K.L.:
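Dropping the structure in here first, questions after.
Just so it is clear, the model here is predicted, and its values are computed rather than measured. Computed over heavy atoms, backbone and side chain alike; hydrogens, waters and symmetry mates excluded.
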Amino acid sequence: MKELDALLLKQIENLQSEGKGEYTRFETLYGCFIQPNEETFRQTYKANCRLENAAEYEACTLDFIPIADQEYVVLDREAGRFCGTFAVKPYEADGDARKTFTSILIADYGDVREIVPIILQKSWRNVYIVLNEGLRKFTSFYKLEDFPTVFPSNVKIFATTADMHRYFLENHDAYLPRKVFSRKSEKYDAVIKEIHDIRVRSGIPSNNAFLSVCVPSFNRGHRALKAVEYALTTCYDAEIEIVLVNTGSTNCTEGYQQIKNMRDSRLRYYELEKNGGFHESYCSALSRASGHFAMMLSDEDSVAVEKLNDVFEYLNEHCTEGVTTFNAIFDASPVVEYLIRKLEVCEKGLQGVKWAFDWTRHISGTCFNIDYMKESGIFEKAEEYRESLFFFYYPHCVFSFLLGYQYPTSNSGMEGWRYGKPEVDITEIDWPVNAVLWPEWRIKQCYDAMKLLGDILCGSELDEMFHYQINTTFSLISLLFKEVPGKVKSYRWIDIWMQHYQSCLEVLQDLAEKFGDISSVKSQMDKSFLYWQICKREQRLRTPEENLRSSLQAQVAKYYHEKGVPFEEMDFGKMEEDLESWITNFLAERS
């Protein structure tokens with residue numbers, strides 16, 4: 001190589017000193033360095049070039065003279081001139097390059113020296129190159145032995161636009177490029193849209209969906225239809241699927257029939273013979289997701305089509321997380337504040353479990369890593385919880401904490417779905433049907449949640465979640481006295497308090513072997529119950545006399561507890577009778 005380099009440099013110096021013009025110098029060098037090695041170049045080209053519809057060797061426009069290790073002077077055979085130099089540098093992923101979900105199309109560039117810098121801008125999901133007029137120039141580089149190493153493995157090269165068109169119509173799992181680098185970008189945008197439209201109309205599903213949007217629906221065909229129609233306006237096809245499960249609807253079914261009759265490669269419509277409850281509907285939709293991720297939605301809500309690129313980018317960057325949440329978009333007031341969350345990433349384990357209980361109780365916006373659910377047997381594990389009341393009402397929370405214990409979780413802090421106005425306001429709900437909100441059912445859910453947590457946690461982790469559940473249950477019940485005071489006015493806080501305490505004692509007994517120091521857990525439990533003896537929201541609904549009785553009762557209970565009497569041994573009924581008599585006399589004396 002060094003001898004060849006020296007010979008080439010000497011030849012150039014001689015030609016320049018003789019005053020030879022560029023074309024003469026070109027011809028001389030071509031005869032000295034290209035023609036004697038023609039057969040070597042030809043064999044290298046044959047070995048390297050696997051491009052369908054590639055140019056014949058003789059049609060290639062460029063030749064190369066080595067001047068250093070893997071560096072060449074480029075000669076344009078047709079123009080009869082020098083075209084600078086080219087160095088063969090094997091592709092190396094830049095650890096600092098931003099990883100992106102976006103695939104790109106580089107069109108009508110023939111010079112590899114223009115193409116490589118574009119590829120190096122980011123860590124693209126896929127890179128598609130269409131050569132067309134640049135074909136003969138581009139394929140010339142295959143004469144260089146190590147040229148194929150210049151590109152990453154995710155590069156796909158097409159000789160013509162027609163070749164690319166055919167490829168995407170034959171490969172419905174391939175993601176279309178979403179960014180175009182070309183001097184004729186509008187032309188290729190139109191080509192990509194044409195391919196998209198054909199693929200969608202074909203009805204041929206993708207087996208490589210990145211995101212499944214899963215919607216269980218019951219008796220709301222009109223809402224489901226609007227949600228599906230809106231979702232299908234997206235420019236994505238192979239990347240997404242819409243899974244709509246009609247869970248045994250008997251009313252408002254016309255919309256479901258319209259969905260059923262749609263021909264769109266992204267739509268998966270299923271019907272269940274009967275409605276088995278929310279958990280059956282939820283699990284039925286989620287288990288049918290074939291994507292790598294699945295975003296769950298209520299049929300009252302819809303996916304935010306305009307935010308899908310952001311959703312894809314986030315999931316692609318955080319692909320090792322088990323669950324994430326996306327924020328709601330509100331088209332009108334009032335805004336549900338807890339559906340707008342700041343970015344937060346939680347480690348797996350207890351932190352992930354607590355995150356699941358804090359942030360994933362709402363149906364819409366939770367996105368599961370389906371690959372992880374299948375690998376970890378989460379679906380099979382959930383089958384064991386069919387009789388659990390907590391799973392009945394909150395399957396999404398159960399799936400989340402099972403994943404959160406094994407994998408990191410997060411709030412993305414990004415918008416991903418559009419909040420739809422509920423069919424019925426909470427103040428107008430059919431109270432008996434929505435037993436999930438009743439204080440006694442909240443208490444039962446707490447018990448069942450702890451039994452589920454006892455399957456995966458033990459020691460200090462279970463202790464901490466036990467205290468979390470105690471306080472969360474009280475907080476949720478307390479909220480009812482603010483949100484629907486007329487519905488819960490018949491409840492007395494002391495009765496709720498005692499029922500919750502007895503339930504928690506049962507938990508301690510049932511999971512005794514799983515807890516850490518039982519005496520310490522019991523002591524902390526009692527502290528929580530001391531704090532919750534009075535519910536200020538409940539007191540706002542009572543008369544001063546009633547509040548006086550409850551306040552005194554709390555003080556008496558605290559007094560006895562500090563004297564060493566356990567709550568479970570206190571006779572609250574007798575205590576109430578004594579206080580009632582005392583209060584009656586006290587008030588009579590001051591009337």
K.L.:
Judged by modelled atom types alone, do Glu280 and Tyr282 share a side-chain donor-acceptor pair under 3.5 Å?
P.N.:
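No, because no side-chain N or O of Glu280 sits under 3.5 Å from a partner of the opposite role on Tyr282.
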K.L.:
Determine, for Arg223 against Asp299, whether the closest basic-nitrogen to carboxylate-oxygen distance falls under 4.0 angstrom.
P.N.:
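Salt bridge: no.
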K.L.:
Once rounded to the nearest 0.5 Å, what's the spacing between atom CZ of Phe379 and atom CZ of Phe399?
P.N.:
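Result: 6.0 Å between the selected atoms.
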K.L.:
Under a plain distance cut-off of 3.5 Å, with no hydrogens placed, do Asn132 and Thr161 share a side-chain donor-acceptor pair?
P.N.:
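Yes - a donor-acceptor pair under 3.5 Å links their side chains.
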K.L.:
Go through Arg183 and Asp108 one step at a time and tell me if the salt bridge (Lys or Arg N to Asp or Glu O under 4.0 Å) criterion holds.
P.N.:
CA-CA 8 Å; Arg183 298 177 183 90; Asp108 297 335; over 6 Å; no
K.L.:
Indicate yes or no: at least one non-hydrogen side-chain atom of Asp455 is less than 4.5 angstrom from one of Leu453.
P.N.:
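Not in contact.
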K.L.:
Taking only distance into account, with no hydrogens and no angle test, what donor-acceptor pairs under 3.5 Å do side-chain atoms of residues 342-354 form with protein atoms, sequence neighbours excluded?
P.N.:
unit_1, atom_1, unit_2, atom_2, d
Glu344, OE1, Asn411, ND2, 3.3
Gln351, OE1, Glu347, N, 3.4
Lys354, NZ, Glu464, OE2, 3.2

K.L.:
Look at the side chain of Ser212 and the backbone N and O of Cys214, then say whether any donor-acceptor pair between them is shorter than 3.5 Å.
P.N.:
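Not confirmed, Ser212 side chain does not pair with Cys214 backbone.
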K.L.:
I'd like to know whether the aromatic ring centres of Tyr256 and His222 sit less than 6.0 Å apart in this structure.
P.N.:
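So the answer is no for these two rings.
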K.L.:
I'd like to know if the side chain of Asn48 and the backbone of Leu144 have a donor-acceptor N/O pair within less than 3.5 Å.
P.N.:
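It does hold such a pair.
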K.L.:
Only pairs under 3.5 Å count here: list side-chain donor-acceptor contacts from residues 152-159, not counting sequence neighbours, and write none if there are none.
P.N.:
unit_1, atom_1, unit_2, atom_2, d
Asn154, ND2, Trp124, O, 2.9
Asn154, ND2, Arg125, O, 2.8

K.L.:
Applying salt bridge (Lys or Arg N to Asp or Glu O under 4.0 Å) to Arg199 and Glu194, what does each step give before you reach the verdict?
P.N.:
CA-CA 9 Å; Arg199 297 206 319 182; Glu194 178 187 3; over 6 Å; no
K.L.:
CD of Glu39: more than 12 outside heavy atoms within 6.0 angstrom?
P.N.:
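Buried by this count: over 12 neighbours within 6.0 Å.
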K.L.:
Is a donor on one side and an acceptor on the other found under 3.5 Å between the side chain of Thr233 and the backbone of Tyr230?
P.N.:
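Yes, the answer is positive, given that a donor and an acceptor are paired below the 3.5 Å cut-off.
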K.L.:
If you count heavy atoms of other groups shown closer than 6.0 angstrom to CD of Glu58, is the number above 12?
P.N.:
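For Glu58, atom CD is crowded (more than 12 foreign heavy atoms under 6.0 Å).
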K.L.:
Please lay out, stage by stage, how Ser410 and Tyr314 fare under the test side-chain hydrogen bond (donor to acceptor under 3.5 Å, both in side chains).
P.N.:
CA-CA 11 Å; Ser410 74; Tyr314 185 88; 2.7 Å; yes
K.L.:
Hey, are Asn246 and Tyr269 close enough side-chain-wise for a donor-acceptor pair under 3.5 Å?
P.N.:
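Note: Tyr269 and Asn246 side chains meet the donor-acceptor criterion.
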K.L.:
The test is salt bridge (Lys or Arg N to Asp or Glu O under 4.0 Å); show your working for Asp197 and Lys193 and say whether it passes.
P.N.:
CA-CA 6 Å; Asp197 291 342; Lys193 184 179 184 307; 2.9 Å; yes
K.L.:
Would Tyr236 and Glu241 satisfy side-chain hydrogen bond (donor to acceptor under 3.5 Å, both in side chains), going step by step from the backbone distance to the final call?
P.N.:
CA-CA 9 Å; Tyr236 293 100; Glu241 66 173 4; over 6 Å; no
K.L.:
Hey, could you give me the CD1/CG distance between Ile329 and Asp301, rounded to the nearest 0.5 Å?
P.N.:
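So the CD1 of Ile329 and the CG of Asp301 are separated by 11.0 Å.
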K.L.:
Does His292 use its side chain to pair, donor to acceptor, with the backbone of Phe210 at less than 3.5 Å?
P.N.:
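Between the backbone of Phe210 and the side chain of His292 there is no qualifying donor-acceptor contact (under 3.5 Å).
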K.L.:
Between the main-chain N or O of Ala174 and the side-chain N or O of Asn171, is there a donor-acceptor pair closer than 3.5 Å?
P.N.:
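Flag not set: sc Asn171 to bb Ala174 has no pair under 3.5 Å.
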K.L.:
Is there a donor in the side chain of Glu38 and an acceptor in the side chain of Tyr57, or the other way round, less than 3.5 Å apart?
P.N.:
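Indeed, the side chains of Glu38 and Tyr57 share at least one donor-acceptor pair under 3.5 Å.
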K.L.:
CD1/Ile104 to CD1/Ile119 distance, rounded to the nearest 0.5 angstrom?
P.N.:
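Separation between the atoms: 6.5 Å.
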K.L.:
List the residues meeting salt bridge (charged side-chain N to carboxylate O under 4.0 Å, His left out) with Glu317, not counting sequence neighbours, and say none if there are none.
P.N.:
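Glu317: no salt bridge (charged side-chain N to carboxylate O under 4.0 Å, His left out) contacts found.
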K.L.:
Side chain of His172, backbone of Leu169: donor and acceptor closer than 3.5 Å?
P.N.:
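Yes; judged by distance alone, with no hydrogens or angles, the pair exists.
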K.L.:
Between the main-chain N or O of Tyr175 and the side-chain N or O of Arg178, is there a donor-acceptor pair closer than 3.5 Å?
P.N.:
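No: the side chain of Arg178 does not pair with the backbone of Tyr175.
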K.L.:
Any chance you could measure Tyr407, atom OH, to Ser376, atom OG, to the nearest 0.5 Å?
P.N.:
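If we round to the nearest 0.5 Å, Tyr407:OH and Ser376:OG are 2.5 Å apart.
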K.L.:
Thr325 and Thr366: side-chain donor and acceptor closer than 3.5 Å?
P.N.:
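The answer is no; no qualifying pair exists.
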K.L.:
Backbone N or O of Phe326 within a donor-acceptor pair of the Trp417 side chain at under 3.5 Å?
P.N.:
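At least one qualifying donor-acceptor pair exists.
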K.L.:
Think Lys89 forms a cation-pi with Tyr91, using NZ or CZ under 6.0 Å from the six-ring centre and within 45 degrees of its axis?
P.N.:
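No cation-pi geometry.
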K.L.:
Do the side chain of Arg50 and the main chain of Ala47 share a donor and acceptor less than 3.5 angstrom apart?
P.N.:
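Yes, the answer is positive, given that a donor and an acceptor are paired below the 3.5 Å cut-off.
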K.L.:
Step through the shown structure and confirm whether more than 12 heavy atoms of other residues, nucleotides or ligands are within 6.0 Å of NZ on Lys187.
P.N.:
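Buried by this count: over 12 neighbours within 6.0 Å.
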K.L.:
Walk me through it: do Phe141 and Phe86 pass the test ring-ring contact (aromatic ring centres under 6.0 Å, His included)?
P.N.:
CA-CA 10 Å; Phe141 288 87; Phe86 174 68; 5.0 Å; yes
K.L.:
Just by distance, no angles: are the side chains of Glu313 and Thr100 close enough, under 3.5 Å, to form a donor-acceptor pair?
P.N.:
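Yes, Thr100 and Glu313 have a side-chain donor paired with an acceptor closer than 3.5 Å.
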K.L.:
Quiz question: by atom type and distance under 3.5 Å, do the side chains of Thr360 and Tyr394 form a donor-acceptor pair?
P.N.:
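Thr360 vs Tyr394: no donor-acceptor pair found between side chains.
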K.L.:
Asp331 and Tyr419: side-chain donor and acceptor closer than 3.5 Å?
P.N.:
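Not at all, the side chains of Asp331 and Tyr419 share no donor-acceptor pair under 3.5 Å.
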K.L.:
Residues two or more places apart in sequence or in another chain: which of them pass side-chain contact (heavy atoms from CB on, under 4.5 Å) with Pro90?
P.N.:
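Scan of Pro90 (side-chain contact (heavy atoms from CB on, under 4.5 Å), adjacent residues dropped) gives Thr149.
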K.L.:
Between atom CZ of Arg201 and atom CG of Asp237, what is the distance when rounded to the nearest 0.5 Å?
P.N.:
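The CZ atom of Arg201 sits 12.0 Å away from the CG atom of Asp237.
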K.L.:
State, without any angle test, whether Tyr45 and Glu145 hold a side-chain donor-acceptor pair at a distance under 3.5 Å.
P.N.:
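The criterion, which ignores hydrogens and geometry beyond distance, is not satisfied for Glu145 and Tyr45.
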K.L.:
When rounded to the nearest 0.5 angstrom, what is the spacing between CG in Leu297 and CD1 in Ile363?
P.N.:
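Those atoms lie 10.0 Å apart.
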K.L.:
Between Thr247 and Ser281, is there a donor-acceptor pair closer than 3.5 Å when you use the side chain of the first and the backbone of the second?
P.N.:
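No: the side chain of Thr247 does not pair with the backbone of Ser281.
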K.L.:
Under a 3.5 Å threshold, yes or no: a donor from one side chain and an acceptor from the other, between Ser284 and Arg288?
P.N.:
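Side chains of Ser284 and Arg288: pair found under 3.5 Å.
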K.L.:
Does any part of the side chain of Ile192, heavy atoms only, come nearer than 4.5 Å to the side chain of Phe168, both counted from C-beta?
P.N.:
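In short, these two side chains do not touch, never coming nearer than 4.5 Å.
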K.L.:
Can you say whether the rings of Phe138 and Phe151 are parallel (under 30°), tilted (30 to 60°) or perpendicular (over 60°)?
P.N.:
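Geometry flag for Phe151 against Phe138: parallel rings.
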K.L.:
Using 30° and 60° as the class limits, which term best fits the ring planes of Tyr167 and Tyr128: parallel, tilted or perpendicular?
P.N.:
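Ring orientation, 0 to 90° scale: tilted.
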K.L.:
Mind checking what makes side-chain contact (heavy atoms from CB on, under 4.5 Å) contact with Lys137, not counting sequence neighbours?
P.N.:
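For Lys137 the side-chain contact (heavy atoms from CB on, under 4.5 Å) partners, ignoring immediate neighbours, are Thr61, Leu62, Asp111.
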K.L.:
Tell me every residue that passes side-chain contact (heavy atoms from CB on, under 4.5 Å) with Asp96, counting only those two or more places apart in sequence or in another chain.
P.N.:
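If we apply the side-chain contact (heavy atoms from CB on, under 4.5 Å) test to Asp96, skipping adjacent residues, the hits are Asp94.
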